[in-house]
There are 2 protein chains.
Amino acid sequence: MVRPDPSPNDLRPTGASGATGRALDEIDRALLGHLVADARTTNAALAEKVGIAASTCLARVRALRERGVIRGFHADVDPAAVGLPLQAMISVRLQSDARDRLGEFTALVRRLPAVRDVYFVAGADDYLLHVATAGTGALRDLVATLNNHRDVAGTVTSLIFDHVRTAHGV
Amino acid sequence: MVRPDPSPNDLRPTGASGATGRALDEIDRALLGHLVADARTTNAALAEKVGIAASTCLARVRALRERGVIRGFHADVDPAAVGLPLQAMISVRLQSDARDRLGEFTALVRRLPAVRDVYFVAGADDYLLHVATAGTGALRDLVATLNNHRDVAGTVTSLIFDHVRTAHGV
DNA sequence: AATGAAATTGGCGATAC
DNA sequence: GTATCGCCAATTTCATT
C-alpha cells in the first residue's frame, strides 16, 4: 500500500538495534528521557542531571535534533480547558478505488482543527482519527463531513472517556 | 499577529469552556498556539509575537500552567530513532466482570514501556493502546502479555504505517 | 492585570586542557 | 570530550500605573 504522506517524519528502516545512523549511547537516552519529561529543562540543569559538562550537553542535544531523534518540543494543552471536552476515535474506511488518492484525504484531515492524531493503519480500517470537539453537535458535523467525502466508504466513532499519554522513557 | 494557525473549518466555540476556571481570551489562545508549535519559544519572542510585554507574557504562561490549561512541555522523540520502529494500535476488550477493576488494568498498561497512549473508550472495545515496539517479536510478546491477563477478553492489533500528530492551534 | 527598569541567570562562542 | 572565561540575550523580580 502507498504511503499517504512521505515526509521527514516517516518511519525509518532500521536494523536490529534500531538506530538511525549512529547508535544512541546511555547519555543520549538519559537526555531524551529528561527532555520528554520536561522539554523546558535548562541546559545547565540537564547537564548536571546526566553528569556531563554544559557545553557537551548543548552539543549533544543539538545533534539529537539535527539527526531527527528529537522532532520538536511541544506544549501539552488540556483539550477540555480550551473548550474541546468531547474526544473521540473515528475509524475511517476508504473506498477501494481511493487507494491512489491517499495523500488527498490525508491533507484534508490534517487541515481539520478537531483532528489531533492521524494514524494510518493496516487492517479493516485505513485511518484512525483522534479528535477533540466542543460537543456532540461539533462531533456530529465532523463525522458528517468525513462521511460526505467521496473517498470515504464508512466511519465508526467511539467516544473517549479518558486519554493518558505515557511519556515514560525512550 | 494574534492567531498563529487560523483555520476556516474551526469547530470550536468562541467563548468559555466552563470546565476549568475562567475563560481564555484571545491572547491566551495565541500563547497556547505558539507554545504547542514550539515549547521552547523564548519568553521574549513569545511576548513580541502576541504583542504584550515580556513580564506580562511570563505571568500569563505561568497562570496557564497553574490552571492546568498547559499540562506540561515535552520533547517529541521519533520512536524509530530509539529502536522502536514498529507501532501498532491494540484494541482491548475486557471481561464483562472486570468492569469494577478498571483501575488495575489501567495501572498495568501504564507500566508497560511500549505503551505510548492509553485511550479508554466507549463502544465494542474498552481500551485502545498505541504502542511502539522494537519489532514483531516484541509486539507479539506484548499482545501475549495482554491476552494472558485475567481481565482481558480479547485483543485486535492493527499495524500503524504512519502517525502524524497535528499540533495545529487550540 | 500590565508595564518598564533593574538584577539575576543562562546560552553559547572561543580558548585551552 | 571537558573546563574556564566572557559577552550577550533571556528570565525574573519589583515598583509603578
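All values below were derived from every heavy atom in this structure, side-chain atoms included, with hydrogens, water molecules and symmetry-related copies excluded.
The shortest side-chain heavy-atom distance between B:T155 and B:Y127 does not fall under the 4.5 Å cut-off. Contact check for B:M89 versus B:H163: no side-chain heavy atoms found under the 4.5 Å cut-off.
At whole-Å resolution of the value, CG in B:L46 and C1' in C:dA2 are 16 Å apart. Look at CD1 on B:I27: it is 7 Å from P on C:dA2, rounded to the nearest Å. Between A:D28 atom CG and D:dG1 atom P the separation is 10 Å, expressed in whole Å. Distance, B:E48 CD to C:dG4 P: 13 Å, rounded to whole Å. The distance between atom CD1 of A:I52 and atom C1' of D:dA3, rounded to the nearest whole Å, is 13 Å.
A single hydrophobic cluster is not seen to contain both B:V156 and B:V152; linkage of ILVMFWY side chains at heavy-atom distances under 4.5 Å, directly or through other members, places them apart.
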Q | Base-contact (B) and sugar-phosphate-only (S) positions in nucleotides 5-17 of chain D, heavy-atom cut-off under 4.0 Å, - elsewhere | A | -----SSBB----
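In terms of the salt bridge (Lys or Arg N to Asp or Glu O under 4.0 Å) criterion, B:R140 has no residue partners (sequence neighbours excluded).
Salt bridge A:D25/A:R60: present, at least one basic N to carboxylate O contact under 4.0 Å. Using a 4.0 Å cut-off between a side-chain N of Lys or Arg and a carboxylate O of Asp or Glu, B:D117 and A:R165 qualify as a salt bridge.
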